[in-house]
Protein chains: 2
Amino acid sequence: MTDKMGEFDLIRRYFAPLSKGEKGAFNLTDDAAVLGAPSGEKIVVTTDSLIEGIHFFNDDPADLVAAKLLAVNLSDLASMAATPAYYTLSLALPIKWEESKRNNWLEKFSNGLSEYQKKFKVTLVGGDTVAISGPLVLTITAFGLVRENAALRRNGAAIGDTIWVTGTIGDSALGLLALQNQLDEIDADSSVFLVDRYRRPQPRIAIGQRLHGNASAAIDVSDGLAADLAHMCRASGVGAEIDIAKIPISAAARTLTTASPELIEIAITGGDDYELLFTTDPGSSPAIESIEKVTHCTITEIGRIIEDPAIRFLDDNGENLALSNAGYNHFNIVYH
Amino acid sequence: MTDKMGEFDLIRRYFAPLSKGEKGAFNLTDDAAVLGAPSGEKIVVTTDSLIEGIHFFNDDPADLVAAKLLAVNLSDLASMAATPAYYTLSLALPIKWEESKRNNWLEKFSNGLSEYQKKFKVTLVGGDTVAISGPLVLTITAFGLVRENAALRRNGAAIGDTIWVTGTIGDSALGLLALQNQLDEIDADSSVFLVDRYRRPQPRIAIGQRLHGNASAAIDVSDGLAADLAHMCRASGVGAEIDIAKIPISAAARTLTTASPELIEIAITGGDDYELLFTTDPGSSPAIESIEKVTHCTITEIGRIIEDPAIRFLDDNGENLALSNAGYNHFNIVYH
């Protein structure tokens, strides 16, 4: 290691070790990676960026930023029923960073990637590292594999289908509020739980892989339950009715929404859940239950697909909750 | 179109039309693209970012920024002998941009992509558009296809091999100086030619595709002839001798280097040529000549691989030119 590490030294030190699982990554020393594409499999490709000051705070721990960056991309693969295989990473590092700060950050960041790589069996195969007169910018392009004709789409929801969601909804949006000290009444344990849900999303890969043959449509919940349900319904040319009381809420979130009922709207419209939202025909409960058992993750029926192209969130009296926030939009809402 | 276009409107308007060539891009409306991988073919993947203020000027025409962004990625595919197929695009757009400025920029930028897409037969299949409190950041991840075992690597150069380079070297670095008004003596035509070479690189796809079976190693010249030759030699465990007089120089560059001989060093070390540098066994001239004829691009023999792991640039007297600049490094050199 030299005093002034250049791009190639940074790659060698922090990123080449993450490519060891794939021979075709050439230890990140060539112009491009050469990857296998098994016969009968399709390649599923997605890309997502995180920007300092927009998607994460400048003092967020680098390993957790890495976890989130990889997770948001893998969540898109999960929603297509794909098995994660590879990813490339583009880093724009602030010019103003001192070398020691940069190296500390890269050390933690690469450790965070390493942990999530192992957990989700995915390997770094390429990247680019550049300088920027501005905030940190992180981009991952992730590749998964799926058997021919087994990819799930957003556009298959049919009238009468049952609507399901994995895990719990709203933890991440409430965790962000907790991080910003906007939840006065929250207890320490709840805060830790919700912040962890915000910072360390768990892409539902194992569930996604099992939805082929069961689900008629699927999407991951990144912009918020309300917005992503709207995306799925628009693509399918249908509408949806959701029973608010059925939306799965964690114990920590339940304490908050019981004390402040208006927080339920935050849960429904807040982003960053990275759960899967999907539809099945009405007779699929036994199949979904068996997926629940194998994957150790709750999957909850929350409503049904209707013909009227509207999205309704119904309270216990069957009244439609009017939502004031239609979902995260980077060009209208900036939190930092 | 609404007054306040959100991410989805931007995608629909400017980028979905660029995905028409590939059904599996789903018109950019799903979570990910699902792409075919023909049996017997490998997938070649590369990624490169361009940052405003580092890699391009903030007043550079958006269509030319698009051309460069796509070209630098396709050049990596060319150096692996791959045929370009798909790409994803991540955009971080400055928050401070007025809507009209943003839309004008995106209109020109997408037109520039469209032109290069057609020229190099590659299709947009996915992307991400986010806001940034800072400069414009553009990232492309490009995918090519190559027959099994036909990808070219950097590490195959053998002692005695002939070293070749496509096109002409140094135009781009001199074009950048012309743009910065650092070349007093330059005539208008030369300036236009050199600036165009800087702004509109022509990835040598057609040559790359024909190098399998002929070349022992290949790399694209992005960091400068000296630096990329060093990369190739290091990967191959060899050295190289280059005859400076044989390095192909355009007429415009020749006028400048004749008047100011010190500019030859800029030509040799400046980046952004996006030509191919490759090695063959010494008897391959007829094969290379026939590739020249088919592709209508000059390919020039410039030196030979030696055992001594050093890079020598020899003048007419066989003296080694000492280079003061070892090639572009984003963390040491920032031009804007």
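Convention: sequence-line order gives letters A, B, ...; per-chain numbering from 1.
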**Prompt:** Any side-chain heavy atom of B:Leu106 sitting closer than 4.5 Å to one from B:Leu91?
**Reply:** yes
**Asked** So which of A:Leu152, A:Leu89, A:Thr46, A:Val34 has the largest heavy-atom pair count under 4.5 angstrom toward chain B?
**Response** A:Val34
**Request:** Please look at B:Ala151 and chain A and tell me whether the side chain, the backbone, both or neither of the residue comes under 4.5 angstrom of a heavy atom of that chain.
**Result:** side chain
**Side-chain donor-acceptor contact under 3.5 Å, B:Ser90 with A:Thr139** = no
**Within-4.5 Å side-chain heavy-atom neighbours: A:Ile205 and A:Phe120** = yes
**Partner chain B: residue of A:Ile219, A:Val45, A:Val44, A:Leu77 with the largest heavy-atom pair count (under 4.5 Å)** = A:Val45
**Message:** I'd like to verify something: which residue of A:Ser49, A:Ser39, A:Gly126 has the highest number of heavy-atom pairs under 4.5 Å with chain B?
**Reply:** A:Ser49
**Prompt:** Between the side chains of B:Thr141 and A:Thr141, is a donor N or O closer than 3.5 angstrom to an acceptor N or O?
**Reply:** yes
**Request:** Enter the distance from B:His231:NE2 to A:Asp30:CG here, rounded to the nearest 0.5 Å.
**Result:** 11.5 Å
**Item:** Region of B:Ile51 that comes under 4.5 Å of a non-hydrogen atom in chain A
**Value:** side chain
**Request:** Find the one option among B:Gly144, B:Ala92, B:Pro135 whose heavy-atom pairs under 4.5 Å with chain A are most numerous.
**Result:** B:Pro135
**Item:** Top of A:Lys42, A:Glu41, A:Glu148, A:Arg234 for chain B proximity - count of heavy-atom pairs under 4.5 angstrom
**Value:** A:Lys42
**Item:** Under 4.5 Å from a heavy atom of chain A, the part of B:Ala218 involved
**Value:** backbone
**A:Arg204/A:Asp220 ion pair, N-O < 4.0 Å** = no
**Message:** So does A:Val125 get a backbone contact from the side chain of A:Thr88, meaning a donor-acceptor N/O pair under 3.5 Å?
**Reply:** no
**Request:** Let me know if B:Phe143 has heavy atoms under 4.5 Å from chain A in its side chain, its backbone, both or neither.
**Result:** side chain
**Message:** Can a side-chain donor-acceptor contact be found between B:Thr129 and B:Glu7 if the only test is distance below 3.5 angstrom?
**Reply:** no
**Fill in**
Looking only at A:Gly127, A:Gly134, A:Ser75, A:Gly40, most heavy-atom pairs under 4.5 Å shared with chain B are made by A:Gly127
**Prompt:** chain B: which of A:Val146, A:Asp48, A:Val137 shares the most heavy-atom pairs with it under 4.5 Å?
**Reply:** A:Asp48
